[in-house]
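Below, each value reflects all heavy atoms present in this structure, side chains not excepted, and no hydrogens, waters or symmetry copies. Lettering follows sequence order; numbering is per chain, from 1.
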2 protein chains.
Amino acid sequence: MSTIETAPDFTVLVVDDDHDVLAANARFLRVSGIDTLVAETAESALQRLQQHTVDVVVTDLRMPGCDGLEFARQARLSRPLMPIVFFSGFATVPDVVKAMRLGAVDFLEKPIEPEELLLTLQGIRDRYDGAIAAQRIAFGVSDETASFKTRVLAYEKYIIETSLLKHEGRISDVIDALQINRRTLNDKMLRLGITRFTED
Amino acid sequence: MSTIETAPDFTVLVVDDDHDVLAANARFLRVSGIDTLVAETAESALQRLQQHTVDVVVTDLRMPGCDGLEFARQARLSRPLMPIVFFSGFATVPDVVKAMRLGAVDFLEKPIEPEELLLTLQGIRDRYDGAIAAQRIAFGVSDETASFKTRVLAYEKYIIETSLLKHEGRISDVIDALQINRRTLNDKMLRLGITRFTED
DNA sequence: CGGTTATCGGCAGAAAACTGCCGATAACCG
DNA sequence: CGGTTATCGGCAGTTTTCTGCCGATAACCG
């Protein structure tokens, strides 16, 4: 909870036991402007998570020793909402189900096209942007201290704010997207202290 | 709470365009003590949902006309958090990902073993932890457009279920942690379809 | 057996949220 | 200038939710 701010960057942790593939993907991502951390084992990946602020994890499903699912479980303990992307070459339906149940946001198939990975990550950054913030609001703050009501209100605020951002401040679009009564939305914005013109 | 004394009704809606398979599965489920409704098309399934209280929907992913995903989207409009189980014979990884993103709780492969289906449904009834599915709805990354209300409900469900997990099912601890009125918590659990599980 | 603890649900009044109607305020466009 | 569009807030009736009180049901322990 120290001052880890000043980092609105987007940091990705890629976990893959194939050293060459890992290095290639990492290089591509870095060139594309994404802060990229790497790890070749689940253990070192967990360490990385403790040391850095990571926004997204990309991990192989099958790795020698600790597999990707177990790693994800461990990671979730400290980062409940962190987006996790799995990839695998021989994924079965149950594999995918298990991964998604663990909160995976996507499941890519090997061999990974660097372009595809980049698009996926950019998509997460754009759409999930708010969820990352929400993690800090609804979860980060909450650590046992925030009440149910507080967390729900924080979440409501997050939904409305991200929807506003997404629709560039057009209330009518937000009303349509969230299927919410105009009057109710106005009241909530007032109560939650949401204004249409935030820092851009 | 090991067994179900008061036998709360548990109604399943099975949607499959294959009449024979549907009939066979329905018969098996009914014999096994599960109230089972059937539908051979998405349209009639949606009708069933309006007419009956359904606890779980089991649907084929591929059906002539309206496909399973679209049907699930429609169903969610009236039953935002109802558990949905998909099944399919030729599911690709992206298929499974899409289904799970829509809040599916499981994905079975054809041909369906009646025993497996029964176990799945019993699992959902007895100790289904919908937290992750709720999380997916609340923080959906995809193009899914859940309403404000739906997402808030999903988030509330997520909070309560994870708190229950964390406190091993002790209501009093959850009340303390979430700072929520006992009566309110009970009502919410009822409304959101949250059941306490036995100790792990 | 009685006593304790934990949980649950009915009930009803209180509190809060929702929502339709109304008018007001801007900004923009001929 | 008048007309259109988008937004906002007051108000009030309706609906929903919250919450305290009460009793019921189990499980458990002497």
Side-chain angles (χ1 to χ4, degrees), chain A residues 138 146-200, chain B residues 1-10 50 53 55 77-82 125-131 134 138 145-200:
Chain A
S147 69
F148 181 82
K149 213 158 210 168
T150 301
R151 291 174 65 178
V152 172
L153 286 179
Y155 179 67
E156 289 191 347
K157 183 171 182 174
Y158 145 72
I159 292 184
I160 294 174
E161 286 187 336
T162 51
S163 188
L164 272 170
L165 275 177
K166 181 174 176 183
H167 296 103
E168 291 156 348
R170 287 185 304 279
I171 294 291
S172 53
D173 285 1
V174 173
I175 289 169
D176 194 54
L178 298 181
Q179 299 166 53
I180 190 175
N181 182 283
R182 200 270 310 170
R183 206 59 197 70
T184 301
L185 176 62
N186 278 140
D187 281 354
K188 280 197 179 296
M189 286 173 63
L190 190 66
R191 244 179 289 136
L192 298 172
I194 301 172
T195 51
R196 279 200 303 151
F197 308 106
T198 46
E199 14 65 63
D200 237 279
Chain B
M1 229 180 280
S2 46
T3 53
I4 300 179
E5 259 78 34
T6 44
D9 295 337
F10 187 73
Q50 297 306 317
T53 301
D55 295 300
L77 292 180
S78 55
R79 307 292 161 94
L81 299 180
M82 178 179 58
R125 178 184 60 186
D126 294 342
R127 80 193 79 82
Y128 163 60
D129 168 4
T145 49
S147 73
F148 182 83
K149 212 159 212 167
T150 298
R151 292 177 64 178
V152 172
L153 286 178
Y155 183 63
E156 291 191 349
K157 183 169 185 172
Y158 173 74
I159 292 182
I160 294 174
E161 292 204 333
T162 49
S163 186
L164 272 170
L165 276 177
K166 177 177 267 177
H167 296 102
E168 291 158 345
R170 287 184 303 278
I171 294 290
S172 53
D173 286 1
V174 173
I175 290 171
D176 195 54
L178 299 182
Q179 299 166 55
I180 189 175
N181 181 284
R182 199 270 309 167
R183 207 59 197 68
T184 301
L185 176 63
N186 277 139
D187 280 354
K188 278 197 180 297
M189 287 173 62
L190 190 66
R191 244 179 287 138
L192 298 173
I194 301 171
T195 49
R196 233 157 36 100
F197 45 88
T198 54
E199 89 295 338
D200 272 37

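The backbone N or O of B:I159 sits nowhere less than 3.5 Å from a side-chain atom of B:S163 that would complete a donor-acceptor pair.
Taking atom CG of residue B:D187 and atom P of nucleotide D:dT15, one finds them 20 Å apart after rounding to whole Å. Atom-to-atom, CG of B:L185 to P of C:dT7 comes out at 10 Å; the value is rounded to the nearest Å. Here the P atom of nucleotide D:dC18 and the NZ atom of A:K149 are 6 Å apart, to the nearest Å. As rounded to whole Å, 15 Å separates atom P of C:dT7 from atom CD1 of B:I160. Protein atom CD of A:E156 is 13 Å distant from nucleotide atom P of D:dT17, rounded to whole Å. In this entry the distance linking CG of B:L164 with C1' of C:dT7 reads 12 Å, nearest Å. At whole-Å resolution of the value, CG in A:N186 and C1' in C:dT19 are 12 Å apart. The CG-P distance, from B:L153 to C:dC18, rounds to 11 Å in whole Å.
Closest approach of B:M82 and B:D55 over heavy atoms only: CG-O, 3.7 Å. Minimum interatomic distance between A:H167 and A:A177 (heavy atoms only, all atoms of both residues): CE1-CB, 3.5 Å. Contact detail for B:L164 and B:M189: the closest heavy-atom pair is CD1-CE, 4.1 Å.
Between B:T184 and the phosphate of D:dT19, there is a side-chain N or O to OP1/OP2 separation shorter than 4.0 Å. Checking the phosphate oxygens (OP1, OP2) of C:dC18, a side-chain nitrogen or oxygen of A:K188 falls inside 4.0 Å. At D:dG20, one or more side-chain N or O atoms of B:N181 fall inside 4.0 Å of OP1 or OP2 (strictly under the cut-off). Residue B:R182 places none of its side-chain N or O atoms closer than 4.0 Å to OP1 or OP2 of D:dC21.
When side chains are defined from C-beta on, B:Y155 counts as touching A:R151, because their heavy atoms get closer than 4.5 Å. For the pair B:L153 and B:E156, the minimum side-chain heavy-atom distance is below 4.5 Å.
Mapping A:L190 and A:F148 onto DNA chain D by nearest heavy atom places A:L190 at the nucleotide closer to the 5' end.
Candidate nucleotides D:dG9, C:dA17, D:dC21 were compared by shortest atom distance to the side chain of B:R183, and D:dC21 ranks first.
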With both pairing distances under 3.5 angstrom for Watson-Crick or G-U wobble, and | for a partner in another strand, the correct string for DNA chain D is ||||||||||||||||||||||||||||||

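A:Q179 CD to B:T150 OG1: the interatomic distance, rounded to the nearest 0.5 Å, is 7.0 Å. With rounding to the nearest 0.5 Å, the separation of NZ in B:K149 from CG in A:N181 is 9.5 Å.
Shown here are the side-chain contact (heavy atoms from CB on, under 4.5 Å) partners of B:I175, two or more places apart in sequence or in another chain: B:I171, B:R182, B:L185.
For DNA chain C, none of the residues of residues 167-176 of chain A falls under the heavy-atom distance limit of 4.0 Å.
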